[in-house]
Amino acid sequence: MAGAEFPKDKYILSRRLDGFFASLYRMAGFIGRFFKEVFRPPFEFSEIIRQCYEVGYKSLSLICMTAFITGLVFTKQSRPSLSEFGATSWLPSLVAIAILKALAPLVTALICAGKVGSNIGAELGSMKVTEQIEAMEVSATNPFKFLVVSRILATTIMIPILAFFFGGIGLFGSYVDVHLHENTSFALFFEAAFQKIQFADFYVSIVKAIVFGFTIGTVGCIQGYKATKGTMGVGRAANSSVVISMFLIFIEEVLIVTVANAIRAI
Amino acid sequence: MPLSNTIQQEKNRVIALSNVYKAFDENEVLRGANLDVLPGENVVVLGRSGTGKSVLIKIISGMLLADSGHVEVLGQDVSRLSQRELQALRLRIGFSFQSSALYDSMTVQENLLFPLVRNKRHLSRKEKNTAVETVLDAVGLLQTLKQYPSELSGGQRKRVGIARTLILQPELMLYDEPTAGLDPITSTEINALIREVQSRFKTTSIIITHDLACAKSTGDRVAILLDGLFHKEGTFAEVFADKDPRIQSFYDYNFTQ
């Protein structure tokens with residue numbers, strides 16, 4: 001029997017390292033299966049749209065509120081430093097660079113990792129421990145396509161859109177503060193804001209948001225799909241979805257920015 | 001029994017398990033199980049908790065693969081089927097879970113429509129709704145159409161679970177602990193429903209249980225699973241005429257208590 005051939009107490013490196021590499025292997029397999037299933041019919045269009053609504057529309061108010069406050073507060077806190085050098089006219093450019101190049105994809109992804117990632121982990125985890133996923137399987141429905149592919153696609157599509165909203169509303173928040181202090185017009189503010197922004201900056205932000213969205217969906221689905229041990233397992237799936245997603249988002253942020261800067265330097 | 005009858009029976013078998021082994025790490029659950037199920041019969045698999053009863057029906061439905069042995073279901077070798085063939089086979093099998101496994105984010109109607117929408121695309125919306133109402137009526141729960149699983153009692157959830165499996169008109173029904181966690185009156189109702197499903201929908205069934213009252217009232221044949229092997233098969237009376245203390249202790253526990 002398999003158990004007799006591979007005793008549990010014999011590890012190639014160590015228990016933890018073996019476990020780490022085994023989970024990397026499983027993750028790669030999971031992602032590979034996603035790409036295999038995503039192009040194979042039948043397509044679950046209605047479920048994808050439902051998930052887009054869940055991920056996008058239901059997070060929109062939170063994203064907009066956070067964006068407005070971020071823009072407003074960032075402007076308020078930057079003003080004293082800039083006014084020391086008599087450079088308050090640079091405020092729109094500074095805020096635009098900070099929000100559009102860094103904060104919009106990153107903060108949107110972090111909020112969604114908490115709100116959407118935990119939701120996916122808990123929902124799939126709960127379905128797993130109550131045999132609902134197996135019930136789909138025996139009723140000749142592909143649960144991976146219905147549950148996993150639809151959720152990963154939804155986060156990958158909706159997080160860039162939410163990041164776009166974050167950028168717009170964040171700049172509006174900044175404009176409100178600038179207008180209250182300097183009575184700057186709407187047109188003048190946005191003209192100044194976009195002076196230092198290049199089209200390539202948008203590309204990088206969009207790529208970041210897509211990668212973050214894919215990460216949140218994938219991690220949430222993996223954690224939910226492998227949940228065991230009843231309600232404790234569901235809680236653990238929700239928690240680890242958030243923690244792992246955030247950790248990966250920070251790593252991806254550093255990598256993408258490094259690569260983008262290297263490409264620009266060529 | 002004449003040889004020709006035996007050959008005919010072998011050809012007609014709905015399920016044929018031969019020398020099936022299954023282990024999880026060092027825990028050997030099935031150790032060469034053999035079982036034949038003929039068309040139209042209800043076979044009850046009795047055994048204590050953890051003896052591999054649920055593993056057995058998961059192997060039959062292709063959710064788990066046997067480590068070795070031959071598993072033939074509705075004329076097909078389950079271990080050799082592609083994913084597509086396995087899905088086609090599953091359309092002919094109904095699986096009633098111990099926990100009912102209803103989709104808790106959907107209403108009863110949506111639960112029942114779910115397999116229909118994906119597997120019977122040629123049906124019109126009206127035909128699908130009629131099919132839902134027919135099976136729900138068959139289990140006596142037509143009034144729960146718009147309710148969520150959380151609003152149903154344990155017995156009602158079991159019935160809806162059975163209705164969901166019946167909607168694809170399966171030839172083979174697999175019941176995993178159909179009366180677990182139910183009061184005696186509801187258990188009796190579920191047992192009657194299993195019999196009704198057999199006669200009305202002409203299904204063949206395997207009923208996994210450790211409840212002897214369920215075994216007695218639903219089974220045409222009883223098979224006792226002990227230590228990963230089918231120890232005894234026959235009618236309820238034949239099986240419990242055996243003086244083996246392991247079988248007798250089962251009987252004593254259920255009926256003496």
Side-chain angles (χ1 to χ4, degrees), chain A residues 1-11 22 33 36-37 40-51 53-54 58 119-120 122-147 149-151 224-225 227-231 233-234, chain B residues 21-31 54 57-58 60-64 67-68 83-106 111-121 149-150 157 161 164-168 170 172-174 176:
Chain A
M1 293 287 106
E5 286 167 22
F6 302 103
K8 270 187 159 179
D9 56 347
K10 290 199 175 164
Y11 300 103
R33 190 173 171 197
K36 207 166 83 179
E37 299 275 7
R40 187 188 287 172
F43 302 107
E44 299 281 356
F45 289 118
S46 59
E47 182 60 11
I48 293 168
I49 290 166
R50 198 178 76 81
Q51 288 303 324
Y53 172 80
E54 292 288 329
K58 289 196 172 173
N119 193 25
I120 292 175
E123 193 180 7
L124 294 196
S126 165
M127 290 185 80
K128 177 78 190 301
V129 300
T130 55
E131 296 180 310
Q132 291 177 51
I133 292 179
E134 287 182 341
M136 274 184 196
E137 209 174 328
V138 293
S139 65
T141 299
N142 182 346
F144 193 93
K145 190 177 269 293
F146 183 77
L147 298 170
V149 172
S150 61
R151 279 165 176 76
Y225 227 67
T228 50
K229 297 176 186 169
T231 47
V234 177
Chain B
Y21 280 83
K22 182 70 189 174
F24 297 96
D25 293 329
E26 281 136 45
N27 180 21
E28 289 184 4
V29 181
L30 297 176
R31 305 173 180 195
S54 298
I57 53 170
K58 284 183 178 176
I60 290 170
S61 64
M63 287 158 73
L64 289 174
D67 294 337
S68 66
Q83 196 58 35
R84 193 177 290 264
E85 288 166 335
L86 191 59
Q87 287 216 347
L89 177 65
R90 280 174 180 159
L91 287 175
R92 301 167 67 193
I93 303 173
F95 196 120
S96 169
F97 286 83
Q98 183 176 350
S99 62
S100 306
L102 298 177
Y103 310 129
D104 46 22
S105 60
M106 300 181 195
N111 261 281
L112 269 65
L113 279 171
F114 188 86
L116 266 191
V117 168
R118 272 149 195 88
N119 298 299
K120 305 274 180 186
R121 288 169 196 267
S150 58
R157 278 203 290 271
R164 190 177 61 186
T165 63
L166 287 174
I167 202 148
L168 292 175
L172 170 64
M173 284 291 289
L174 304 171
D176 190 3

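The chains referred to below are lettered A, B, ... by the order of the sequence lines, with proteins before strands, and numbering in each begins at 1.
Note that the CE atom of Met63(B) and the CD atom of Glu131(A) stand 7.0 Å from one another [nearest 0.5 Å]. For the atom pair CG (Leu64(B)) and CD (Glu134(A)), the distance works out to 7.5 Å, reported to the nearest 0.5 Å.
Shortest non-hydrogen contact noted between Thr141(A) and Arg118(B) is CG2-CD, 3.4 Å. Between Ala140(A) and Leu91(B), the shortest heavy-atom contact is CB-CD2, 3.5 Å. Taking all atoms of both residues into account, the shortest heavy-atom contact from Gln132(A) to Ala101(B) is CG-O, 4.0 Å.
Of the two parts of Glu44(A), only the side chain, counted from C-beta on, holds a non-hydrogen atom closer than 4.5 Å to a non-hydrogen atom of chain B. Contacts of Ser61(B) with chain A are made by side-chain atoms alone, with heavy-atom separations under 4.5 Å and no backbone atom involved.
Of all the listed residues (Ile93(B), Leu102(B), Asn27(B), Leu168(B)), the one sharing the greatest number of non-hydrogen pairs under 4.5 Å with chain A is Leu102(B).
Between Phe146(A) and Tyr103(B), the distance from one ring center to the other does not fall under 6.0 angstrom.
By the 4.5 Å heavy-atom criterion applied to side chains, Asn142(A) and Gln83(B) are not counted as neighbours.
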